[in-house]
*Asks:* 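Pasting a structure here, questions to come.
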Amino acid sequence: MKGEKYSFIKIIVLTVKMQFKAVPGHMIVFLLLAFLEALGLTIRVAAMQRLFDVIAIAAEGKRDFTDCIMPLFVLVVVTCVQQIMNGMKFFHWNVIVDKSAGINNKKLFEKIQNFSAEQFEDAFFLDSLNKAKEGIKPLTVTSLFIMNLIFFDGVYIVSMGAYLFNLKPVLPLTLLLAFIPAFLSQVFRIKGFAKLEEQSAPLRREYDYYKKILNDRQYIKETRTLGAFVYFFKLFNDTLIKLTNKQWEIEKKIVVREQLLNSVTYIGMGISTYLLFVATISGEISVGAFAAIFAALTQIFDIMQTIMTWDISGINKDIGKVTNLIKIYDSAELSGLSGTHDFSKGIIAKNVGFIYPGRNEMALANVSVTIRDGEFIAIVGENGSGKSTLVKILTGLYRPSVGTAIIGELDSEVIAPRYIYNEISGVFQDYQRYKMTLAENVSISEIGIGMDELRIKSTLMDVGINTKYNEINLNTVLSPEFGGIDLSGGQWQRLAIARGLYRHYKFIVLDEPTAAIDPIEENMIYTQFKKLTKRKCAVVITHRLGTAKLADRIVVMDNGRIVDTGTHEELLSRSGKYKDMWNAQSIWYKREDIKY
Ligand code: ADP
Ligand code: MG
């Protein structure tokens, strides 16, 4: 996706196409209104000419003034109709913007669902995705602008051109002199801002990040206690200056070009007036025609000026975002086969290798493991040994770079993610703390069954959260920002586990969600967990070997590879990594009163 180039024209065509797909009826009405409005303007000039001609003749006494009534009436009617079309067009513009936002957002989220999770580890991808989200409104506004340009401005130029040509073939030159600079100036603007967007994206990402560090509740404690505020403030400030300089540099160029083109427009207006004057003096066109066109000339140049300086700077600046939106829509999704799990066949990773985007080293290399039906597996190993990566492969969240992962008979390479995630549950290290009620925090994992209060309560009990005697109940909002309370780190972890357990699953993964819970409590939670997952497949990552001991089998990882597999006793009988780890930790497990 990164390297693909889209030409300007292609982006415009795709933008309009997508907008038409979103609200076809409304777009057609908009086009018709723009078309009629433009035609109305030209007809109005013709009606004006007719009126002036009649008045001129009447003034010479060759005709009765009552003859003027009809042309005057026509002019009034045409003007009214044209004005109504204009009003309706802009009313419709707003309707379309509002309606499309929802539709296009929904479409984007549907698309995002079908991206693979490993893509979200890619900084470039995340950047495009963020910009794509911001491209929703510009998509609509740009399309409307383009359509207006063709069906209003275009139709006006053609019809006016035909009318002028009819009077004197050289006169349409007037239009060109006005139109070409306006057109060029817009093209330069759009291109200039697209370049700006592209060049400033990495800077903006940095800027937003520092801003977040300085403001966000999540960071504030650390920036205060560690005294890092000043440091981040400096970084923030430096980025801001760089960003502003970049903007200034490009905007300067745009403004200079625009001013040059502006002067060309004024010269054009002078030449046009001269041409008209000569044609009238030589009797080539009537005085009525001169008056009408002279009046229209201001109108023509007004319209061109509007196109030229119309505040579409919003669209201009966002054209990069629209481009990103289109790239996201156009990019390949995961293969979309459907399928249903059969976990009686277990979960099989065969010679799996995995490499993170932007990294050179394999995070996993040649890993093969099978989790049998109903088995409870623990994965142990040092930090960075590949445990988290492996469970993401086993749950189909990441697809192997090499080798295959067959999850309950489904190959994660060819089955669409939403089928893979069926009946799989997981609690990861970076679980979420939803700023919602306690009940929602649990039940969000299984929105299909709605809020089953009894089930929520019993799941909470399983992880040691008792809502009966606590000050918190199911409706407590878990966020001070939304008028509720916050939980402790350990309570949040229990809650995350409850969320994982609440879902209907046949395969569940827990990636160290108990680091903030003390070892005794952790052991209690896992003992309960073992009971709950009795006939299901379960994988648990833990640092505490007292927990690993509960598992049917333990997988030992080191440096992206599986170095040993077996029961606790088997692994202890061999002198290896596991035994070393056990010896180092056994001091924790010496207490006689606790049975591990
Ligand atoms: P563990 O869970 O055992 O601590 P991980 O599976 O998280 O280990 O990481 C394995 C290796 O992959 C490490 O070398 C780590 O630096 C790398 N890694 C993990 N996550 C990412 C990521 N999002 N992008 C790049 N490299 C990563
Ligand atoms: Mg990990």
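Read the numbers this way: they start at 1 and go in the same order the structure lists the ligands and their atoms. Because the structure is a prediction, the values reported are computed rather than measured.
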*Asks:* What atoms in ligand 1 come closer than 4.0 Å to a heavy atom of E382?
*Replies:*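 Near E382, meaning under 4.0 Å from one of its heavy atoms, ligand 1 has 3 (O).
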*Asks:* Show which atoms of ligand 1 fall inside a sub-4.0 Å distance from at least one heavy-atom site of A363.
*Replies:*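 Taking each heavy atom of A363 in turn, ligand 1 has 11 (C), 12 (O) under 4.0 Å.
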*Asks:* Say whether K392 and ligand 1 are in contact under the criterion: heavy-atom distance to a ligand atom below 4.0 Å.
*Replies:*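 Flag not set, K392 not near ligand 1.
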*Asks:* Return the orientation label for the Y578 and W582 ring planes: parallel under 30°, perpendicular over 60°, tilted otherwise.
*Replies:*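 Rings of Y578 and W582: parallel, as their planes differ by under 30°.
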*Asks:* By residue and atom, what protein N/O/S atoms are less than 2.8 Å from the Mg ion (ligand 2)?
*Replies:*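 Correct list: S388 OG, Q429 OE1.
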*Asks:* Which residue owns the protein heavy atom closest to atom 1 (P) of ligand 1, what's the atom, and how far is it?
*Replies:*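 Of the protein heavy atoms, G384 N, 3.5 Å lies nearest.
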*Asks:* Could you see which bit of K387 sits under 4.0 Å from ligand 1, with heavy atoms only: side chain, backbone, both or neither?
*Replies:*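 For K387, backbone and side-chain atoms both sit under 4.0 Å from ligand 1.
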*Asks:* Does NZ or CZ of K536 come closer than 6.0 Å to the centre of the six-membered ring of Y505, within 45° of the ring's axis?
*Replies:*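 Yes; both conditions hold, so K536 lies above the ring face of Y505.
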*Asks:* Regarding E446 and R499, does a basic nitrogen lie under 4.0 Å from an acidic carboxylate oxygen?
*Replies:*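 Answer for the salt bridge query: no.
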*Asks:* Name the closest protein heavy atom to atom 7 (O) of ligand 1, giving the residue it belongs to and the distance to 0.1 Å.
*Replies:*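 Going by distance alone, atom 7 (O) of ligand 1 is nearest to S388 CB, 3.6 Å.
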*Asks:* Could you check atom 23 (N) of ligand 1 against the protein and tell me its nearest heavy-atom contact, residue, atom and distance included?
*Replies:*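 Ranked first by proximity to atom 23 (N) of ligand 1 is E121 OE1, 2.6 Å.
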*Asks:* In terms of side-chain geometry, is the basic nitrogen of K345 or D342 positioned less than 4.0 Å from the acidic oxygen of its partner?
*Replies:*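 D342 and K345: salt-bridged.
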*Asks:* Of all the atoms in ligand 1, which lie at a distance below 4.0 Å from a heavy atom belonging to T389?
*Replies:*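 Heavy-atom distances to T389 below 4.0 Å select 5 (P), 6 (O), 9 (O), 10 (C).
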*Asks:* With a cut-off of 6.0 Å (strictly less than), are more than 12 heavy atoms of other residues, nucleotides or ligands near CD of E361?
*Replies:*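 At most 12 heavy atoms, drawn from other residues, nucleotides or ligands, come within 6.0 Å of this atom.
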*Asks:* Between K242 and D238, does any NZ, NE, NH1 or NH2 come within less than 4.0 Å of an OD or OE carboxylate oxygen?
*Replies:*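 Answer for the salt bridge query: no.
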*Asks:* Hydrogens and angles aside, do E522 and T547 bring a side-chain donor and acceptor to less than 3.5 Å of each other?
*Replies:*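 On atom types as modelled, these side chains qualify, holding a pair under 3.5 Å.
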*Asks:* Side chains of T389 and Y356: do they bring a donor and an acceptor to under 3.5 Å?
*Replies:*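 The criterion, which ignores hydrogens and geometry beyond distance, is satisfied for Y356 and T389.
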*Asks:* Under 4.0 angstrom from ligand 1, any heavy atom of G381?
*Replies:*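 In this structure, G381 fails to qualify as a contact of ligand 1 - no heavy atom is under 4.0 Å.
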*Asks:* In the protein, which heavy atom is nearest to atom 26 (N) of ligand 1, and how far is it?
*Replies:*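 Minimum-distance protein heavy atom for atom 26 (N) of ligand 1 reads R359 NH1, 3.2 Å.
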*Asks:* According to the interplanar angle, ranging from 0 to 90°, do the rings of Y207 and F236 count as parallel (below 30°), tilted (30 to 60°) or perpendicular (above 60°)?
*Replies:*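 Answer is parallel, since the angle falls under 30°.
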*Asks:* Should the heavy atoms of other residues, nucleotides or ligands under 6.0 Å from CD of E382 be counted, would the total exceed 12?
*Replies:*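 Atom CD in E382 is not packed in, count stays at 12 or less.
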*Asks:* Please name the pair of heavy atoms, one in A132 and one in L325, separated by the smallest distance, quoted to 0.1 Å.
*Replies:*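 Heavy-atom minimum between the residues: O-CD1, 3.3 Å.
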*Asks:* Centres of the Y210 and F233 rings: under 6.0 Å?
*Replies:*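 Between Y210 and F233, the centre distance exceeds or equals 6.0 Å.
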*Asks:* Among all protein heavy atoms in this structure, tell me which lies nearest to atom 27 (C) of ligand 1, with the distance rounded to 0.1 Å.
*Replies:*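 In this structure, atom 27 (C) of ligand 1 has Y356 CD1, 3.3 Å as its nearest protein heavy atom.
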*Asks:* By number and element, which atoms of ligand 1 are closer than 4.0 Å to a non-hydrogen atom of N383?
*Replies:*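 Every atom of ligand 1 under 4.0 Å from some heavy atom of N383: 4 (O).
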